[in-house]
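Once you've had a glance at the structure underneath, I'll fire off some questions.
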Number of protein chains: 2
Amino acid sequence: MAEIEAQFNFLFEPELLAEINEVAEVGTFEADTIIMEIGQRIDALPLIISGSIKVMSEDEKGNELLLYYLETGDTCAMTMQCCTGTKRSKIRALTEEVTTLAMVPAQKLHEWMIKYQSWRSFILENYDHRLSEMLEAIDNLAFHNMEERLYKYLRDKAMVTHSAEIKMTHYQIANDLNSSRVVISRLLKKLDQDGKVKHHRNLIEVCEFIK
Amino acid sequence: MAEIEAQFNFLFEPELLAEINEVAEVGTFEADTIIMEIGQRIDALPLIISGSIKVMSEDEKGNELLLYYLETGDTCAMTMQCCTGTKRSKIRALTEEVTTLAMVPAQKLHEWMIKYQSWRSFILENYDHRLSEMLEAIDNLAFHNMEERLYKYLRDKAMVTHSAEIKMTHYQIANDLNSSRVVISRLLKKLDQDGKVKHHRNLIEVCEFIK
DNA sequence: AAGTCGTTGTAACCTAGGTTACTGTTCAAT
DNA sequence: ATTGAACAGTAACCTAGGTTACAACGACTT
């Protein structure tokens with residue numbers, strides 16, 4: 001498939017690309033589609049060809065928290081967990097926008113670890129990357145107040161969508177940050193007054209990214 | 001070395017154990033020794049033979065937070081990051097008690113990925129385990145109040161030390177939880193009244209674990 | 001035009017937990 | 001026995017941020 005090659009040909013050697021093309025099932029999903037649900041079992045590893053995916057955690061009471069985004073060239077480290085054992089997903093993954101995935105059967109994941117240097121590097125680097133992002137999430141929670149977390153959230157969101165304009169309601173933002181709508185409205189007003197964002201109905205602009 | 005075999009012979013095949021014995025440098029460290037510091041570069045992977053290690057994060061202002069413990073049979077996933085690239089450590093690792101480590105040169109880490117199935121499993125499972133613990137840390141921070149976090153901390157501490165008695169000051173506990181001494185004293189009093197712990201000077205007993 | 005629904009602004013209030021300050025206790029050193 | 005340092009108890013206070021309530025606004029359907 002042309003898309004796989006376009007995104008992964010700098011990462012993988014030709015033989016591996018050929019194998020991926022052969023066994024991977026490619027699928028395209030609408031925005032806001034749940035790719036993986038908490039408690040779900042899965043036997044394939046998703047490679048993200050285009051689009052982006054939001055990875056969230058949830059507690060018993062249904063409170064949610066955004067962990068990180070996956071983008072082109074990433075894979076879901078949390079899914080690797082499912083593939084290596086018989087464990088169930090601890091996270092929810094949903095598409096942020098229209099997203100194309102290549103699903104690689106779990107068995108191949110292990111075969112390729114032996115065969116291809118580039119695959120080993122890919123898997124290890126992905127784990128590293130995810131650990132770093134988890135650590136970043138922890139530092140955010142532990143060491144920063146809600147205003148700082150909100151601003152960082154808006155910046156990150158602008159970066160994955162490649163746009164200074166964020167089309168979200170205050171309620172949706174509150175949910176990603178495990179906060180409440182009123183608090184987000186309050187802090188957005190403050191960020192607006194401080195000249196960091198401009199906000200309108202259903203739309204927030206991050207000044208830093210306005211061209 | 002006899003200790004390596006005793007701890008890892010169920011995990012690794014004999015050939016790999018022999019190789020580890022050959023190249024690993026074994027060292028024993030006092031309690032409260034810093035094994036790895038934030039910003040430090042490292043070119044060897046530590047396998048924990050006995051004892052336990054506390055892994056912490058820190059912000060610019062010096063605030064600290066306990067991430068997780070490493071115990072016998074674990075390795076430091078964050079160190080693997082250093083070994084795979086030229087990255088620097090984002091965490092601090094220090095011994096909780098007298099701890100013996102086998103240091104494996106980074107280069108071997110990659111050779112063994114090709115040669116030994118058991119090594120591949122070991123590395124991947126370790127990454128999985130660490131990701132799970134990071135997720136647990138995030139859930140604790142995001143979804144639980146300080147009283148719950150404190151109680152969980154005490155239980156975890158009792159488990160790694162294999163003792164219902166915890167010899168720590170309130171100040172030390174506060175530091176691990178990124179809180180303050182007064183708050184910990186307040187909450188310990190409450191946990192004591194609720195019959196969950198008994199506390200004395202420099203000593204806390206977790207009722208649940210008292211034989 | 002009127003009604004409805006999702007969204008936002010804002011005020012009033014509450015609580016967890018951080019901060020400061022002061023007291024008393026234990027224990028080691030002299 | 002006296003001093004000093006580390007540790008713990010407690011009160012008084014403050015603030016971030018969560019909660020409830022209500023009004024206003026825009027966008028839509030009828």
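Atoms considered below: every heavy atom in the structure, side chains included; atoms not considered: hydrogens, waters and symmetry mates. Note that the coordinates shown come from a computational prediction; the quantities given were computed from them, not determined experimentally. So you know, we letter chains A, B, ... as the sequences are listed, proteins then strands, and number each from 1.
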Matching residue for B:Tyr151 among B:Glu208, B:Lys196, B:His144 - test: side-chain hydrogen bond (donor to acceptor under 3.5 Å, both in side chains): B:Glu208
B:His170 side-chain N/O to D:dG9 phosphate OP1/OP2 under 4.0 Å: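 Checking D:dG9 against B:His170, a side-chain N or O does come within under 4.0 Å of OP1 or OP2.
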Is the positively charged end of A:Arg130 above the ring of A:Tyr68, judged by distance under 6.0 angstrom from the centroid and angle within 45° of the axis?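 Yes, cation above the ring, under 6.0 Å and within 45°.
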Distance test, side-chain N/O of A:His199 to OP1/OP2 of C:dG9, below 4.0 Å: yes
Looking at A:Glu148, I want to see if its CD is surrounded by more than 12 non-hydrogen atoms of other residues, nucleotides or ligands under 6.0 Å. yes
In whole Å, I'd like the distance from the CG atom of A:Asn202 to the P atom of C:dC5. 18 Å
Of the options C:dA16, D:dG17, D:dC7, whose atoms approach the side-chain atoms of B:Asn145 most closely? C:dA16
Whole-Å distance between D:dG18 P and A:Lys61 NZ? 14 Å
Ignoring hydrogens and angles, tell me if any N or O in the side chain of B:Thr95 forms a donor-acceptor pair with the backbone of B:Glu30 under 3.5 Å.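 Checking the backbone N and O of B:Glu30 against the side chain of B:Thr95, a donor-acceptor pair under 3.5 Å is found.
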Separation of D:dA16 C1' from A:Leu141 CG (nearest whole Å): 15 Å
Calculate the interatomic distance between B:Arg149 atom CZ and C:dA16 atom C1'; express it in whole Å.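 About 12 Å, once rounded to whole Å.
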Give the C-alpha distance, both sets of side-chain angles, the deciding distance and a yes or no for side chain to side chain contact (heavy atoms under 4.5 Å, CB included) between B:Lys87 and A:Asp128. CA-CA 10 Å; B:Lys87 292 164 202 154; A:Asp128 282 346; 4.2 Å; yes
Under 4.0 angstrom, heavy atoms only, what part of the nucleic acid is B:His200 near: base, sugar-phosphate, or nothing? nothing
Any residue of residues 171-196 of chain B with a heavy atom less than 4.0 Å from an atom of DNA chain D: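 Going residue by residue through residues 171-196 of chain B, the ones with a heavy atom under 4.0 Å of DNA chain D turn out to be B:Arg181, B:Val182, B:Arg186, B:Lys189.
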More than 12 heavy atoms of other residues, nucleotides or ligands under 6.0 Å from OH of A:Tyr171: yes or no? no
Rounded to whole Å, please give me the gap between CZ in B:Phe143 and C1' in D:dG18. 16 Å
Take atom CG of B:Leu203 and atom C1' of C:dT26, then tell me their distance rounded to the nearest Å. 14 Å
